[in-house]
Amino acid sequence: MNKNICFFIIIAMITVLTACSNTTNTPSVSTQTENQEVVVIEQMPPPFKENTGGFLSRYYNKYNERFSTISGDLLDLVGEEKATAWINEFELYNRPRDEGNLYFFITEMEIPKEKIPETVYSLGDYMSESDIDVIYSGDIQKINETFISPYCILANGEIITPEWLYTHSKEEYATAGITSEQLKEKSEMYTLIQFTDEAKVAFGNKLSSFIGEEISLVDEADISPVTTPFSPENVKTTAPPSEEYLREHPVVTTHGT
C-alpha cells in the first residue's frame, strides 16, 4: 500500500513544482497563428503564492486519484527496474503529468488483463472490475467519463481542468462547448482550491460574467470579522466600578446648598 501512495506523491510533487514556477501574471494578448486564428490569453493574477504548500492536483489534474495511482502490486508485477524507469520519465524527463495513470502504465508495460493482481479489485475505493474493463477497452471517451477529476468539466469529449478555465477567456469557454450549468455546478468545488484572495475574486468575476449571475469563490471562513475598536465608551456594563478604578478616578460630588 505504501508503494502506490509514494508513486502518487511523486506525480503530485511534480505538479507542485510546476505550479510554483507558473505564478506570474498572465498578460492579456492576442496572437496570430499560421491559420490566421486569433488566440486571446486572459489577464489574470497569479493563482497561487510562490510558497504554496501541499498538492495542487485539484487545479492541474485531469483525472481522479484512483486513475492516477499505480498500486504497489502492479509495480511489483513489472519489476523494480522497469517501474523505476517509467516513474523517472515524469520525475526527470518532464513527461506530461496527465500520462501518469493506469491506462498508460498498463498499456506500455503490456500487462495482460488476466494478470491484474486481485489486490487491485479488493481495495474497495480503488478499482472495480468494470473500471479495469474500461481501461482495457482503450476507449478514451469512456476513460475520460469514468475517471475524470471531480474538479474538471467534460465538454465535447475533452476534459477541461480548473487551470484551463483560469487561464482562458470566457469566449473560449463557449468555443470549447462549456455550458453555464456546468460551471455553476463546479463553482463550489473551486472554493476548495488554494487560490490567493486576489485570484479567487478574479476567477469568480470571470465565471460570473459567463454564467450571468454572481459566483463567489471566497469562503465565508476566509473573511475576517469586522470588529469595533476598543474604547471605554464601547463597554456597556451594569457592574459597579472597582475600588481600583475609583481610586484612579475619584468621583466628585457637588451638593446643593
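In this text, all values refer to a predicted model and were calculated from it rather than measured experimentally. Residue numbers start at 1 and run along the sequence shown.
- Panel note: side chain Lys206, backbone His168; a donor-acceptor pair is recorded below 3.5 Å.
- Applying the salt bridge (charged side-chain N to carboxylate O under 4.0 Å, His left out) test to every pair with at least one member in residues 135-147, sequence neighbours left out, gives no pairs at all.
- Of the possible donor and acceptor atoms, none in the side chain of Asn61 sits under 3.5 Å from a partner among the backbone N and O of Asn64.
- Under the side chain to side chain donor-acceptor pair (under 3.5 Å) test applied with Tyr63, the options Thr146, Asp98, Thr161, Asn144 reduce to a single match, Asn144.
- Looking at heavy atoms from C-beta onward, Ile215 lies out of side-chain contact with Tyr190 at the 4.5 angstrom threshold.
- Relative orientation of the Phe147 and Phe67 rings is parallel, given thresholds of 30° and 60° on the angle between their planes.
- Counting only residues at least two apart or on different chains, the salt bridge (charged side-chain N to carboxylate O under 4.0 Å, His left out) pairs with a member in residues 174-196 are Lys184-Glu213.
- The closest side-chain heavy-atom distance from Met127 to Leu102 is below 4.5 Å.
- Not one N or O on the side chain of Thr191 forms a donor-acceptor pair closer than 3.5 Å with the backbone of Ser187.
- Ile148 and Ile153 get closest at one heavy-atom pair: CD1-C, 3.8 Å.
- For the pair Val218/Phe195, no side-chain contact is recorded, criterion being any heavy-atom separation below 4.5 Å from C-beta on.
- You'll find the side chain of Gln182 stays beyond 4.5 Å of the side chain of Tyr173, heavy atoms only.
- Annotation: side chain of Ile193 is not in contact with side chain of Leu217 (no heavy-atom distance under 4.5 Å).
- A donor-acceptor pair is defined here as one N or O able to donate and one able to accept, closer than 3.5 Å; such a pair exists between the side chain of Glu172 and the backbone of Ser169.
- Contact annotation: the side chain of Ile178 approaches that of Trp164 to within less than 4.5 Å [non-hydrogen atoms, C-beta and beyond].
- Inter-residue side-chain proximity for Val78 and Phe105 is flagged as met; some heavy-atom pair is nearer than 4.5 Å.
- Within the 4.5 Å cutoff, the side chain of Glu99 has no heavy atoms near those of the Glu89 side chain.
- Not counting sequence neighbours, Glu110 has no partner by the side chain to side chain contact (heavy atoms under 4.5 Å, CB included) test.
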Derivation of the side chain to side chain donor-acceptor pair (under 3.5 Å) call for Ser128 and Asp131: CA-CA 5 Å; Ser128 66; Asp131 289 334; 3.2 Å; yes
